[in-house]
Amino acid sequence: MKIPFNKPYMTGKELWNISQAHASGHLAGDGQFTKKCSAWLEQRIGSRKALLTHSCTAALEIAAILADLRPGDEVIMPSYTFVSTSNAFVLRGARPVFVDIRPDTMNIDETKIEAAITERTKAIVPVHYAGVACEMDVIMDIARRHDLLVIEDAAQGIMSTYKGRALGSIGHLAALSFHETKNIISGEGGALLINDAAFAERAEIIREKGTNRSQFFRGQVDKYTWVDIGSSYLPGEIVAAFLWAQMEEADAINRRRLDIWDRYHAAFATLEGDGKVVRPVLPQDCTHNAHMYYLMFPDLAARTRVIERLKARGVQTVFHYIPLHSSPVGKELGRAAADMRNTDRAGECLLRLPLWLGLEEQLDEVIAEVRSAILEG
Ligand SMILES: *Cc1c(COP(=O)(O)O)cnc(C)c1O
């Protein structure tokens, strides 16, 4: 058996769309395909405005510029996340303040956020791990009371909901990823979602190298010029054309992923009952997008044994993250707000299983291999 951890799904329509972009002669950003994709996001997520970017990292960087951070300002976030969550703010001179995660969802523990707030705190960045929502009502309430900005890292959260609201529609700003390891893909790609209209105009300018080019093309100004700091954050039309093929099939992709997730979940129920593993927890009032299936092992040694055994049988599994508070840069530029025990535990004990469209046919075999790798003790 040879089962990779990830295999990018293609709908079959991508190359046709790219040929259409090619035929149109518009290859730079913000052409017809970009417009279709951003309209889809605005409609499906309910954001005021969606701006396609070349990555989620880029969207987070725009959000960090919009947050108007001064050197030494603090941004609260989990340590159990991908480096981009933190890098975007560090690039503005801000200091990440890491808060521990909840042991059930692996999301930032909302009950520990308030104790991490200081005079320098400017923003909170909740990360919806595995596409399962953070406790957003509590987080938004804390932000309101302390006058903080909330930027959702919804890189993994497209099409998931929290109390009926789409992830990415709740914070002032949010970032999505279309990296090939995510649910809806364009190789590299992302989007900035703007829910607080006050940020819309400036976001557009920052994304267009600090120019008012978008206003110029809408006829709102008669020449375009350098009006703010910025960079080149937009994807070309070839990428947007690819992405549009995926968005058109987003509901079917989501359903198929959920089927795989449900089969895994049912298959490992008895192992959980026997205390061998702990399965993911889904809070009530949340729907998820089957971005990831993971198991928690009792300790690092147990996880390592299972990884090695599965590797020998051709099944690739991966773990993450090395918590940011224990990484070289995180130690130098950030600080842990308090005890990080759940973060450290997830970093040592969590294992992600393969989950991609097309795996269905071999899923029973994969499940059998995982089960026997665990039961060997
Ligand atoms: C994938 C991911 C990112 C980065 O996305 P890119 O599109 O690769 O820049 C950021 N944060 C989280 C939580 C992610 O999972």
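Atoms considered below: every heavy atom in the structure, side chains included; atoms not considered: hydrogens, waters and symmetry mates. Both ligands and their constituent atoms are indexed starting at 1 by order of listing.
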Could you list the atoms of ligand 1 found under 4.0 angstrom from a heavy atom of [X]?
X	result
S55	7 (O), 9 (O)
C56	4 (C), 5 (O), 6 (P), 7 (O), 9 (O), 10 (C)
V127	13 (C)

- Query: For the atom pair OG (S214) and CD1 (I205), what is the distance rounded to the nearest 0.5 Å?
  - Reply: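 Taking OG in S214 and CD1 in I205, the distance rounds to 8.0 Å.
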
- For ring pair (Phe, Tyr, Trp, His ring centres under 6.0 Å), just list the numbers for W261 and H291, CA-CA rounded to whole Å, side-chain angles, deciding distance to a tenth of an Å, and then say yes or no. CA-CA 9 Å; W261 198 99; H291 173 61; over 10 Å; no

- Query: When you check the gap from the basic side-chain N to the acidic O, do K276 and D274 get nearer than 4.0 Å?
  - Reply: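 Salt bridge flag = no for D274 with K276.
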
- N-O pairing of E204 and K49 below 4.0 Å: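 Salt bridge between E204 and K49, a charged N being under 4.0 Å from a carboxylate O: yes.
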
- Quick one: which of H54, K182, Q156 has a heavy atom closest to atom 2 (C) of ligand 1?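 Selected option, by shortest heavy-atom distance: K182.
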
May I have the list of side-chain donor-acceptor pairs in residues 311-318 shorter than 3.5 Å, sequence neighbours left out?
from : atom 1 : to   : atom 2 : distance (Å)
R313 : NH1    : S372 : OG     : 2.8
R313 : NH2    : E376 : OE2    : 2.3
Q316 : OE1    : F5   : N      : 2.9

- Message: Just by distance, no angles: are the side chains of Y293 and H265 close enough, under 3.5 Å, to form a donor-acceptor pair?
- Response: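 Indeed, the side chains of Y293 and H265 share at least one donor-acceptor pair under 3.5 Å.
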
- Query: Is S84 in polar range of ligand 1, meaning some N or O pair under 3.5 Å apart?
  - Reply: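 So ligand 1 has no N or O lying under 3.5 Å from an N or O of S84.
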
- Considering distance alone, does some N or O of F178 sit under 3.5 Å from an N or O of ligand 1?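 No; the residue has no nitrogen or oxygen that sits under 3.5 Å from a nitrogen or oxygen of the ligand.
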
- Do any heavy atoms of G189 fall under 4.0 Å from ligand 1?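 The answer is yes, since G189 has a heavy atom less than 4.0 Å from ligand 1.
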
For [atom], what's the nearest protein heavy atom and its distance?
atom	result
atom 3 (C) of ligand 1	F82 CD2, 3.6 Å
atom 7 (O) of ligand 1	S177 OG, 2.7 Å
atom 9 (O) of ligand 1	T57 OG1, 2.5 Å
atom 12 (C) of ligand 1	A155 CB, 3.4 Å
atom 11 (N) of ligand 1	D153 OD2, 2.8 Å

- Is R303 close enough and on-axis enough to F319, meaning under 6.0 Å and within 45°, for cation-pi?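 Yes - R303 lies over the ring of F319, closer than 6.0 Å to its centre and within 45° of its axis.
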
- R256: partners by salt bridge (Lys or Arg N to Asp or Glu O under 4.0 Å), with sequence neighbours left out: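 E360.
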
